[in-house]
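Below is one structure, written out as structure tokens; comments come after it.
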Amino acid sequence: MTVRFQLLGAVEAYLDERPLDTGHARQRAVLAALLVDAGRPVAADQLIDRVWADRPPHRARNALSAYVSRLRGLLTEADGVRITRGPAGYLLAADPLTVDLHLFRHLVSRARAAARPADAAALLDQALALWRGEP
């Protein structure tokens, strides 16, 4: 089953174009924090800082672990998507182009390298179309 993640607007996930319930705001923040670095490990302390900034709860590591566990369950049917934990931290393994943020960067990079202005403009239009709502 194919998965698609959206960060350029509300944090959303789709499995075969069916919306997934990504949970409440903090759980969606954990998902977003992992997706920003899709394919790269993120230390637990860095995730805690991204999700709670300067106001982490007393048991932030326990809360983080619970959110990651729920996200793992949510993504079990998604082909090629796994959340693992290793010595360097949590890693969300997924094709970066399934994440609109990374697809945006990819399209902009291709537009910059395009030889023809019309091709560059078309790629930039595709990139801008990924944004939803107010930035």
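Since the model is a prediction, treat every value here as computed from it, not as a measurement. Throughout, residue positions are numbered sequentially from 1 according to the sequence presented.
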Report, one line per pair, each donor and acceptor closer than 3.5 Å where one atom sits in a side chain of residues 89-101; sequence neighbours left out.
residue	atom	partner	partner atom	Å
D95	OD1	L97	N	2.9
T98	OG1	D95	O	2.6
D100	OD1	L7	N	2.7
D100	OD1	L8	N	3.4
D100	OD2	L7	N	3.1
D100	OD2	L8	N	3.0

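- Atom CG of residue L64 and atom CG of residue L47 lie 5.5 Å apart, to the nearest 0.5 angstrom.
- The CG atom of L35 lies 11.5 Å from the CD atom of Q6; values are rounded to the nearest 0.5 Å.
- Residue pairs meeting the side chain to side chain donor-acceptor pair (under 3.5 Å) criterion with at least one member in residues 77-88, sequence neighbours excluded, do not occur.
- The nearest pair of heavy atoms linking P56 to I48 is CB-CG2, 3.8 Å.
- Inter-residue side-chain proximity for F5 and L34 is flagged as unmet; no heavy-atom pair is nearer than 4.5 Å.
- In this structure, CG on L75 lies 6.5 Å from CG on L71, to the nearest 0.5 angstrom.
- The salt bridge (Lys or Arg N to Asp or Glu O under 4.0 Å) analysis of residues 5-20, with sequence neighbours excluded, yields the pairs R4-E17, E12-R132.
- One hydrophobic cluster, built from ILVMFWY side chains closer than 4.5 Å, cannot hold both Y14 and V3; they sit in different ones.
- H24 meets the side chain to side chain contact (heavy atoms under 4.5 Å, CB included) test with R26, Q27, Y67, R70; sequence neighbours excluded.
- Applying the side chain to side chain donor-acceptor pair (under 3.5 Å) test to every pair with at least one member in residues 36-54, sequence neighbours left out, gives these pairs: D37-R40, D37-R50, D45-R61.
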Name every donor-acceptor pair, under 3.5 Å, that has one atom in a side chain of residues 110-126 and the other anywhere in the protein, sequence neighbours excluded.
residue	atom	partner	partner atom	Å
R116	NE	D119	OD2	3.1
R116	NH2	D119	OD1	3.2

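- Closest approach of A33 to V42, counting heavy atoms only: O-CG2, 4.4 Å.
- With a 4.5 Å cut-off on side-chain heavy atoms, L130 and L107 count as touching.
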